[in-house]
Q: 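One structure, pasted below without further comment.
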There are 2 protein chains.
Amino acid sequence: MEKTQSTLDELDFAILSCLQKDGRMSFTEIAEHLNVSVGTARTRLNRLIEDGVISIIGRVDPDKVGFKAYAHVAVYIRPATLKEQVAQTISKMPEVSFLASTSGDYDLEVDVMCPTNNDLVEFINEISTIEGIYQTKTTLYFKVYKYAQPDLNLLK
Amino acid sequence: MEKTQSTLDELDFAILSCLQKDGRMSFTEIAEHLNVSVGTARTRLNRLIEDGVISIIGRVDPDKVGFKAYAHVAVYIRPATLKEQVAQTISKMPEVSFLASTSGDYDLEVDVMCPTNNDLVEFINEISTIEGIYQTKTTLYFKVYKYAQPDLNLLK
DNA sequence: ACTACTATCTAAATAATTTTTAGTTTGCAC
DNA sequence: GTGCAAACTAAAAATTATTTAGATAGTAGT
């Protein structure tokens with residue numbers, strides 16, 4: 001069992017800020033920025049990653065890479081008791097980039113990336129057959145204006 | 001003026017896949033995985049980053065870091081001609097993590113991360129005063145089941 | 001078919017970074 | 001005060017990144 005760090009201090013936030021800007025920033029560079037030793041920067045960063053506070057990932061531009069259909073699918077479930085089960089099933093599908101339960105009039109929100117509109121139609125047909133899903137409403141994203149990390153300065 | 005690479009080959013996709021898993025993977029390790037020289041791995045990856053095909057970022061876990069209110073806001077705009085202008089205004093707000101125009105009955109989707117529910121209410125009050133926004137509908141995300149990168153295998 | 005041009009890849013030396021190791025400092029409980 | 005644990009620092013060793021020069025392949029022009 002791991003001990004999860006309960007609170008983050010100034011240094012942790014400063015490290016997180018660095019990595020939000022450039023996930024490949026070296027330990028050395030981070031250390032210089034923050035006036036701590038390389039060892040400290042390394043220990044802190046590794047712990048943040050281990051604790052799941054931050055993960056360094058390569059985020060591809062869906063459009064540039066060939067995903068031409070990006071959509072939002074509102075999913076309605078009945079009976080409500082099947083929600084968890086449906087969520088588990090959907091979360092395993094590779095087209096799904098985001099899945100969450102909501103307070104809205106629909107139960108689950110599914111964001112999907114597909115190579116073509118055809119693939120999107122097929123995806124929606126596929127999930128419509130899942131037990132518990134009795135309706136879906138699909139909305140296409142036409143243009144993405146912003147896709148950003150939360151601004152940590154809001155927490156201060 | 002830069003020439004943007006129009007097509008991505010097998011090697012590019014393989015590099016993107018590596019980085020989706022671990023954005024801090026070293027050039028050396030990537031090169032070994034893919035059986036190319038370190039120089040090649042480096043040139044390719046740097047080009048992918050320059051061209052904006054991929055960006056290596058630190059993604060923080062909003063909840064762990066202190067964002068306790070994550071919501072989806074549907075924004076209705078009238079007259080429609082103000083859409084671009086409203087989008088530019090909203091995209092500058094630090095709470096906004098995602099902004100897109102949609103094909104749905106609302107015009108813009110805004111995803112917002114706030115430290116508390118109070119901050120969320122204030123945010124919604126604030127955008128409601130923007131010229132052109134005549135209605136908003138807010139949906140809270142209760143539980144996020146999945147938040148992933150698109151699966152590049154779907155493109156093959 | 002030959003030459004020149006361009007782009008991509010490789011390989012080896014040099015520069016820089018990461019990792020390990022040992023030691024220091026600090027705070028806290030006994 | 002003593003013992004202990006956590007966090008930081010600093011310097012050597014191991015690894016990785018960058019630079020440089022050169023090899024290879026494809027393409028356009030003659």
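All chains are named by letter (A, B, ...) in the order of the sequence lines, taking the proteins before the strands, and each is independently numbered beginning at 1.
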Q: L11(B) or R24(B): which one's nearest nucleotide on DNA chain C is closer to the 5' end?
A: L11(B)
Q: In whole angstroms, how far is the C1' atom of dT18(D) from the CZ atom of F27(B)?
A: 10 Å
Q: Can you identify which nucleotide, out of dT18(C), dC8(D), dT19(D), has its nearest atom closest to the T40(A) side chain?
A: dC8(D)
Q: From the list dA7(D), dT19(C), dT10(C), which nucleotide is the closest neighbour of the side chain of R47(A)?
A: dA7(D)
Q: Compare side-chain N and O positions of T43(A) against OP1 and OP2 of dC8(D) and report whether any pair is under 4.0 Å apart.
A: no
Q: N46(B) has an atom CG; how far is it from atom P of dT19(D), in whole Å?
A: 10 Å
Q: Check the distance between dT8(C)'s P and R44(B)'s CZ and give it to me in whole angstrom.
A: 7 Å
Q: Between T43(B) and T40(B), do the side chains contain an N or O donor and an N or O acceptor separated by less than 3.5 Å?
A: no
Q: Atom CG of L45(A) and atom C1' of dA7(D): how far apart are they, to the nearest Å?
A: 16 Å
Q: Picking from dT17(C), dT9(D), dT18(D), which would you name as closest to the side chain of T28(A)?
A: dT17(C)
Q: Are there more than 12 heavy atoms of other residues, nucleotides or ligands under 6.0 Å from atom NZ of K68(B)?
A: yes
Q: Are the side chains of I130(B) and L82(B) in touch, meaning some heavy atoms are under 4.5 Å apart?
A: no
Q: In whole angstrom, what separates I49(B)'s CD1 from dA17(D)'s P?
A: 12 Å
Q: Using a 4.0 Å heavy-atom cut-off, does V38(B) contact any base of the nucleic acid, only the sugar-phosphate backbone, or nothing at all?
A: base
Q: Does NZ or CZ of R24(B) fall inside the cone over F27(A)'s six-membered ring, less than 6.0 Å from its centre and within 45° of the axis?
A: yes
Q: Kindly give the heavy-atom pair with the smallest separation between V110(A) and F123(A), and that separation in Å.
A: CG1-CZ, 4.3 Å
Q: May I ask you to say what S26(B) touches in the nucleic acid, namely base, sugar-phosphate or nothing, with a heavy-atom cut-off under 4.0 Å?
A: sugar-phosphate
Q: Side chain of S37(A) only, please: which of dT18(D), dT16(D), dC8(D) is the nearest?
A: dC8(D)
Q: Taking CG from N35(B) and C1' from dT8(C), how many angstroms apart are they, rounded to a whole number?
A: 17 Å
Q: Where the side chain of R42(B) is defined as all heavy atoms beyond and including C-beta, which of dT17(C), dT18(D), dC8(D) is the nearest nucleotide?
A: dT18(D)
Q: Rounded to whole Å, how long is the line connecting atom CG of D12(A) with atom P of dA6(D)?
A: 17 Å
